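As structure tokens, the structure follows; a few thoughts come after it.
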Protein chains: 2
Amino acid sequence: MNISKAEVSSPANGSLTRQRRTYSIGELARMFEVTPRTIRFYEQEGLLAPERRGQTRIYHEKDRVRLKLTLRGKRLGFSLAEIREVIEMYDAMPDGNARQLKRLLEILADKRSNMERQLEDIRLMQRELDDVEMRAREVLERLDQS
Amino acid sequence: MNISKAEVSSPANGSLTRQRRTYSIGELARMFEVTPRTIRFYEQEGLLAPERRGQTRIYHEKDRVRLKLTLRGKRLGFSLAEIREVIEMYDAMPDGNARQLKRLLEILADKRSNMERQLEDIRLMQRELDDVEMRAREVLERLDQS
DNA sequence: CAACCACTTTACGTTAACGTCAACGTCGTC
DNA sequence: GACGACGTTGACGTTAACGTAAAGTGGTTG
């Protein structure tokens with residue numbers, strides 16, 4: 001129950017609305033239920049780029065959001081490489097050339113169709129589960145009766 | 001464009017509605033856009049159990065459905081082990097004991113909540129994509145104007 | 001000051017899901 | 001009867017996504 005020193009690590013904060021909260025790798029790891037190792041690995045793969053205070057990594061809101069998006073992407077079956085590609089293009093957007101931007105739109109369309117398919121898969125799978133569950137309950141009832 | 005010999009492999013079929021079609025490993029592979037190696041691997045992992053005519057494998061409708069379900073499960077991020085678990089329990093259902101059946105229901109509920117979460121993830125991800133796409137289009141327009 | 005965290009790097013290990021290659025059998029056909 | 005297409009087993013290779021262990025650093029706490 002010790003108060004994190006990270007809380008104090010911000011210099012004279014004038015704004016009230018501005019959240020200048022930072023996180024240690026351990027905090028972030030607990031928040032998202034991953035290991036620090038995972039977070040370092042994502043950095044190594046170019047998905048995160050936290051600030052450094054000496055040796056130790058310091059994560060800001062931006063990093064937290066990225067991690068959240070990364071994990072969400074993973075749950076949807078995207079590879080880290082795919083996720084990185086999108087993140088990189090997103091970051092380079094303002095001064096990205098037309099070719100890059102069009103490539104980005106392509107990728108997005110691709111992800112979109114991917115997700116449409118997943119939606120359909122989920123619908124179908126839910127029906128299967130309904131079916132299996134029904135049968136299972138039937139069998140269970142018969143077992144209870146006898 | 002040669003007619004598959006598999007077509008002839010069924011003995012005097014009286015029923016009209018009954019589809020007694022069988023498939024070779026290659027046919028199945030092309031149908032689902034996987035390699036034969038993948039299909040053999042799934043068999044080795046207990047997900048398929050095709051008939052054998054001598055050395056060669058012969059796949060029936062049942063096998064085709066299983067493969068379809070397996071691939072769908074994969075697209076949803078389930079491991080082959082998880083998929084096998086469900087398939088095995090499903091097959092053993094009629095004479096499965098109450099404990100097994102309840103375990104099955106647990107697994108199903110688990111998959112269900114998994115998919116609920118995926119639905120939410122997809123919704124969120126779609127919004128992200130909308131957002132990114134909008135920005136990208138804006139930047140593109142500005143590039144076109146200048 | 002010693003002990004104890006939390007954090008760091010380096011490096012090797014592991015697992016799932018196949019790919020790839022070799023070496024062979026079996027058709028139909030030219 | 002050689003050839004090509006397809007099938008088989010077996011074994012080893014590969015990739016992604018981390019796990020794990022070793023060895024060191026830096027701060028605070030009793």
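In what follows, chains carry the letters A, B, and so on, assigned in the order in which the sequence lines appear, proteins first and then strands, with residues in each chain numbered from 1. All of these numbers come straight from a predicted model, not from anything done at the bench.
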- Message: Under a 4.0 Å threshold between the charged nitrogen and the carboxylate oxygen, would B:Glu106 count as salt-bridged to B:Lys102?
- Response: no

- At under 4.0 Å between heavy atoms, which parts of nucleotides 8-23 of chain D does protein reach? Answer with one letter per nucleotide, 5' to 3': B base, S sugar-phosphate only, - none. BB-------BBBB---

- Task: State which residues pass salt bridge (charged side-chain N to carboxylate O under 4.0 Å, His left out) with B:Arg37; sequence neighbours excluded, sorted by chain then number.
- Result: none

- Message: Would you compute the distance between atom CG of A:Leu47 and atom CG of A:Leu67 and round it to the nearest 0.5 angstrom?
- Response: 9.5 Å

- Query: Name the one of A:Arg52, A:Arg84, A:Arg66 that satisfies salt bridge (charged side-chain N to carboxylate O under 4.0 Å, His left out) with A:Glu43?
  - Reply: A:Arg52

- Separation of D:dC6 atom P from B:Leu28 atom CG, nearest Å, is 15 Å

- Applying salt bridge (charged side-chain N to carboxylate O under 4.0 Å, His left out), name anything that partners A:Arg75, two or more places apart in sequence or on another chain. B:Asp121

- Would you say C:dA6 has OP1 or OP2 under 4.0 Å from some side-chain N or O of A:Ser24? no

